[in-house]
Amino acid sequence: METRNDTVLKNEMEITFDAISVNEAFARVAVAAFVTPLNPTMEEISDIKTAVSEAVTNAIIHGYDVEYDRGRRREEKNQVYLHCTIEDDVLEVEVKDTGKGIENIEQAMEPLYTTKPELDRSGMGFAFMEAFMDDLEVESAPGWGTVVVMKKKLGTTSWLEPEE
Amino acid sequence: MFVLFFYNKLTFGGMDMDENFKVIENYLMVRMPEEVDHHKSVYISKTADDYIMREGVGNVVFDFEDTRFMDSSGIGIIIGRYKKISYFGGKVFAVNADTRIKRTLMICGLHKVIEIME
């Protein structure tokens, strides 16, 4: 028998994957699929995918960079943890790595600031996360890793694309 | 310099050809993939640079017709190529970008340094 308890949607998921670049696409598609019960618009899905892609890419190329790789203990695997929750119409995405961490978070979050210009990084990662999500929190400890928590409330944009 | 240029012309046949990269006169046309992220950007940047060096093209055109997703790695590709060719007075163009890609480009202020066209 079906009960009417689905007025407030609560859902949670967690994925752990290797810190390799093919998983960037996997991570953003997984979050996009997870959020479908909330009937997001194309715009919202696109925003979420971009933000997740930025966070996961950061973890892979900055958290576990070559420098960190050289110094780490061999038996450890470089992995990225992705934890998502839906509560009512709010999506929360947490992306965590146990890599080298960020020395100066404020500086790292500045638009166009990058530590890897040689890899063609634009320095826009955190700026994009801020622009496309409603809330962004970054915590980091050098040598321990970084946690990025992003929140987005869905159903705030209209279904119709605005005219240009 | 000139000899090197012709030498490169001759040996170009030995390089892996990618149908997403095309040289038309002084322009390198790059057809961007459906999803532009860090994973794909490494290859695109490297291959575009190879073409720019070997063919000696002055301008680069990025075609976003097939592109449905792009993150800041795409911005990195464009800025990187822009830095390389603008030394020699070259220009970068973005064509066929949909609303969302355009928005991504505008957030970074790229419309001030490259030409965004239909």
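To find a chain, count down the sequence lines: A is the first, B the second, and so on, and within it residues start at 1. These numbers come from a predicted model, not from an experiment.
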When you check the side-chain N and O atoms of A/Ser53 and B/Asp37, is any donor under 3.5 Å from an acceptor? no

Verify the cluster assignment for A/Val93 and A/Met109: are they in a single hydrophobic cluster under the rule of side-chain heavy atoms below 4.5 Å apart? yes

Tell me, side chain or backbone of B/Arg68 under 4.5 Å from chain A's heavy atoms, or both, or neither? neither

Exactly one candidate in A/Glu24, A/Glu54, A/Arg121 meets side chain to side chain donor-acceptor pair (under 3.5 Å) with B/His38; the answer is A/Glu24

Working to the nearest 0.5 Å, report the span between CZ of B/Arg81 and CG of A/Asp120. 4.5 Å

In terms of heavy-atom pairs under 4.5 Å with chain A, which of B/Glu35, B/Met70, B/Lys83 leads? B/Glu35

Within 6.0 Å of NZ in A/Lys116, more than 12 heavy atoms from elsewhere: yes

Select one option (side chain, backbone, both, neither) describing which atoms of A/Ala51 are under 4.5 Å from chain B's heavy atoms. neither

Which atoms of A/Ile61 are under 4.5 Å from chain B, going by heavy atoms: the side chain, the backbone, both sets, or neither? side chain

Group every Ile, Leu, Val, Met, Phe, Trp and Tyr by side-chain heavy-atom contacts under 4.5 Å, then state whether A/Phe17 and A/Ile48 land in the same group. yes

For the CD atom on A/Glu118, are there more than 12 heavy atoms of other groups (residues, nucleotides or ligands in this structure) within a distance under 6.0 Å? yes

Looking only at heavy atoms, the pair that brings A/Ser122 and B/Ser72 closest together is OG-O, 3.1 Å

Which one, A/Asp47, A/Val22, A/Thr57, leads in non-hydrogen pairs under 4.5 Å with chain B? A/Val22

Rounded to the nearest 0.5 Å, what's the gap from CG on A/Leu112 to CD1 on B/Ile79? Could you check? 6.5 Å

A/Leu119 side, atom CG; B/Ser45 side, atom OG - distance, nearest 0.5 Å: 9.5 Å

If you compare all heavy atoms of B/Arg103 against all heavy atoms of A/Phe132, which two are closest, and at what distance to 0.1 Å? NH2-CE2, 3.1 Å

Out of curiosity, does A/Ile60 fall in the hydrophobic cluster containing A/Val138 (side-chain heavy atoms, cut-off under 4.5 Å, transitive links)? yes

Euclidean distance, B/Arg100 CZ relative to A/Met42 CE, rounded to 0.5 Å: 6.0 Å

I'd like to know whether CD of A/Glu103 has more than 12 heavy-atom contacts from other residues, nucleotides or ligands below 6.0 angstrom. no

Verify same cluster id: A/Met124, B/Val92 (apolar side-chain graph, 4.5 Å): yes

List the atom of B/Ile107, the atom of A/Phe128, and the distance in Å for their closest heavy-atom pair. CG2-CE1, 4.0 Å

Taking a hydrophobic cluster as the set of Ile, Leu, Val, Met, Phe, Trp and Tyr residues connected by side-chain heavy atoms closer than 4.5 Å, whether directly or through intermediates, do A/Tyr81 and A/Val29 fall within one such cluster? no

